[in-house]
Amino acid sequence: MKIYNTLTRKKEKFKAIHPGQITMYVCGPTVYNYIHIGNARSVIAFDTIRRYFEYKGYKVKYVSNFTDVDDKMINEARAEGTTVPKLADRFIKAYLEDTNALNVEKATLHPRATHEIKSIITFIQKLIDKGYAYEVDGDVYYRAKKFAHYGELSDQNIAQLEEGASKHINDEEQQRKEDPIDFALWKAQKEPDEIAWESPWGKGRPGWHIECSVMSTKYLGDTIDIHGGGQDLEFPHHENEIAQSEAATGKKFVNYWMHNGFVTVGKDQEKMSKSLHNFVTVHDILKRVDPQVLRFFMASVQYRRQINYSEENLKQAEIILNHFKNTLTSIDYRLADDTESAASAELKQAVQETQKHFEAAMDDDFNVQNALTAIYDVLPLVNANANLSKVDKGELKHFKELLNSWLSIFGIDTKKLTAKVTSPDNEKINTLIKMRDEARKNKNWAASDQIRDRLKRMGITIQDTPQGTRWTRDEN
């Protein structure tokens, strides 16, 4: 298996620190609002990656944090007339509801920044003791230039960073810092109503970057296999995490850095973000879109590529998902009939080749598009076999098991996907089909056609097979 490592900017052969086990940290949301699909892209991308590792037999320890205190949290709580903890509790609950609807596996642990204050203070003090951090009037800053590898993850040099930083800080902050690129580890309380904790430097709260260094090393170890997040986190967040963590532990922080591409919207494919006010929340989308369709749409693009969100692309994902659904339904139908099984060497070989191509694609930096193409290409042969008078039931069952496991990697629950819709008109439909079967038996073709047309108006498609009449509801 090969993974693209952002730090080295190349694909590298993956080797876990401990055979058969993977430690994985993925930056979670700042919980001051519902997550938009740009946030969900990261959640789904790394859930898909995690699920593939589990498919391969790895045990994955997966940690994803909640940032539950920062300027956005404080400002939103003030605007709503509530407290930061209450605001965080509300949107953490909403996050878990939305990601559960998208069939995201629960993290091994979801630590919260405000629950780790003691550990954060200890970590910062260690950086001060080592000369990597300094205190100014209750604020604590990290000496970025002291860390020899600063800028390597985002491929920037110190001169570029200093020039950029100097344009974005005010004179007061410039005077407080030793260098424009230094960043905050601890922020002193500015207003009496601002949430704060006691510390050796006075009342204050942690900076954004420090929490992930503390939580990843605390719960996964000083060196972890994989650290993931969106491309927008490469700098400064992940760059700062490396500087903090490696200065504190003296060890390599992360073996493989992985970053997912953005979600774009509109014809101009503008990046979706809250700051641009062009975002759509998952909470709102799920009111009108099948969660499995949204999940499949988001998971079916290779994690490093951009996704363009549009109704057309959602519809295309739904069409593909329905092809998988119809194949599984056909297989179930034939496995349940009483016809004899007939071995098919062609089908067996095709299934073996599909599995090989699927895994080869996924092993190549999780190339989900090629993996899905491998499955999609074998569907015509599988469906053709399922329509024969005698089918290879053993191989159809084997393919069904494989397809279930493959779609599960993409977060698709095939039991829900293929579940028959129960409706008050089911009994009426079955009665009409029996009447049509009787008309066909008596060669009353006019009556048969009338019943078919009546069913069509009810949104029912029927299929005559050697094993009997099948019916399905037309997709909306």
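Since this is a predicted model, take the numbers as computed values, not measurements.
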Any donor-acceptor N/O pair, Thr48 side chain to Phe410 backbone, under 3.5 Å: no
What do you reckon, is CD of Glu401 surrounded by more than 12 foreign heavy atoms closer than 6.0 Å? yes
Ion pair check, Lys456 and Asp453, cut-off under 4.0 Å: no
Do the side chain of Ser341 and the main chain of Val391 share a donor and acceptor less than 3.5 angstrom apart? yes
Check whether the side chains of Thr373 and Asn370 place a donor and an acceptor atom closer than 3.5 Å, and report yes or no. no
For Thr67, is there any backbone N or O sitting under 3.5 Å from a side-chain donor or acceptor partner on Thr30? no
Looking at Asn260 and Phe46, would you say the former's side chain and the latter's main chain have a donor-acceptor pair under 3.5 Å? no
Has Glu12 got a side-chain atom pairing as donor or acceptor with Ile3's backbone, closer than 3.5 angstrom? no
Measure the NE2-CD distance between His357 and Glu353 for me, rounded to the nearest 0.5 Å. 4.5 Å
Okay, side chain of Gln292, backbone of Asp413: is any donor-acceptor separation there less than 3.5 Å? yes
Just how far is it from atom CG of Leu87 to atom CZ of Arg78, taken to the nearest 0.5 Å? 13.0 Å
Pair Arg436 + Asp449, salt bridge at N-O below 4.0 Å: no
Should the pair Glu395-Lys348 be classified as a salt bridge under the 4.0 Å nitrogen-to-oxygen rule? no
Determine, using ring centers only, whether Phe14 and Tyr256 are less than 6.0 Å apart. yes
Using a strict threshold of under 4.0 Å (side-chain N to carboxylate O), is an ion pair present between Lys218 and Glu116? yes
Here the pair of heavy atoms bringing Asn385 nearest to Asp392 is OD1-N, 3.3 Å
NE2 (His18) with more than 12 external heavy atoms under 6.0 Å: no
Who are the side-chain hydrogen bond (donor to acceptor under 3.5 Å, both in side chains) partners of His227, not counting sequence neighbours? Glu241
How about His238 and His209: are their ring centres within less than 6.0 Å of each other? no
Strictly below 4.0 Å, N to O, side chains only: are Lys72 and Glu76 in salt-bridge contact? no
Salt-bridge present (Asp71, Arg205; N to O < 4.0 Å): yes
Just wondering, are more than 12 heavy atoms of other shown residues or ligands nearer than 6.0 Å to CD in Glu80? yes
Are the side chain of Thr217 and the backbone N or O of Val214 linked by a donor-acceptor pair below 3.5 Å? yes
Could you walk me through whether Tyr95 and Val43 pass side-chain contact (heavy atoms from CB on, under 4.5 Å), step by step? CA-CA 11 Å; Tyr95 170 91; Val43 177; 3.6 Å; yes
Checking the side chain of Thr281 only, and the main-chain atoms of Asp284 only, is there a donor and an acceptor separated by less than 3.5 Å? yes
Residue pair Asn322, Glu318: steps toward the side-chain contact (heavy atoms from CB on, under 4.5 Å) verdict: CA-CA 6 Å; Asn322 282 332; Glu318 183 178 21; 3.8 Å; yes
Tell me whether the count of non-hydrogen atoms from other residues, nucleotides or ligands lying under 6.0 Å of NZ in Lys2 goes above 12. no
Lys86: partners by side-chain hydrogen bond (donor to acceptor under 3.5 Å, both in side chains), with sequence neighbours left out: none
Between Asp47 and Tyr62, do the side chains contain an N or O donor and an N or O acceptor separated by less than 3.5 Å? no
Face-on cation placement of Arg41 at Phe262 ring, 6.0 Å and 45° thresholds: no
Any donor-acceptor N/O pair, Asn39 side chain to His36 backbone, under 3.5 Å: yes
Using atom types as modelled and distance alone, determine if a side-chain donor or acceptor of Asp364 lies under 3.5 Å from a backbone N or O of Ala360. no
Basic-acidic side-chain contact under 4.0 Å: Asp222, Lys252: no
Glu97 and Lys93: CA distance, side-chain angles, deciding distance, salt bridge (charged side-chain N to carboxylate O under 4.0 Å, His left out) verdict: CA-CA 6 Å; Glu97 288 173 351; Lys93 182 174 182 288; 2.8 Å; yes
Could you check, using the six-membered ring where one of them is a Trp, whether Phe366 and Tyr4 have ring centers closer than 6.0 angstrom? no
Would Arg112 count as a cation-pi partner of Phe66, with NZ or CZ less than 6.0 Å from the six-membered ring centre and within 45° of the ring normal? no
So, Ser154 versus Glu234: side-chain donor-acceptor pair below 3.5 Å or not? no
Give, for atom CD1 of Ile49 and atom CE of Met258, the distance between the pair rounded to the nearest 0.5 Å. 3.5 Å
Do the side chains of Arg50 and Glu54 get close enough for a salt bridge, i.e. N-O under 4.0 angstrom? yes
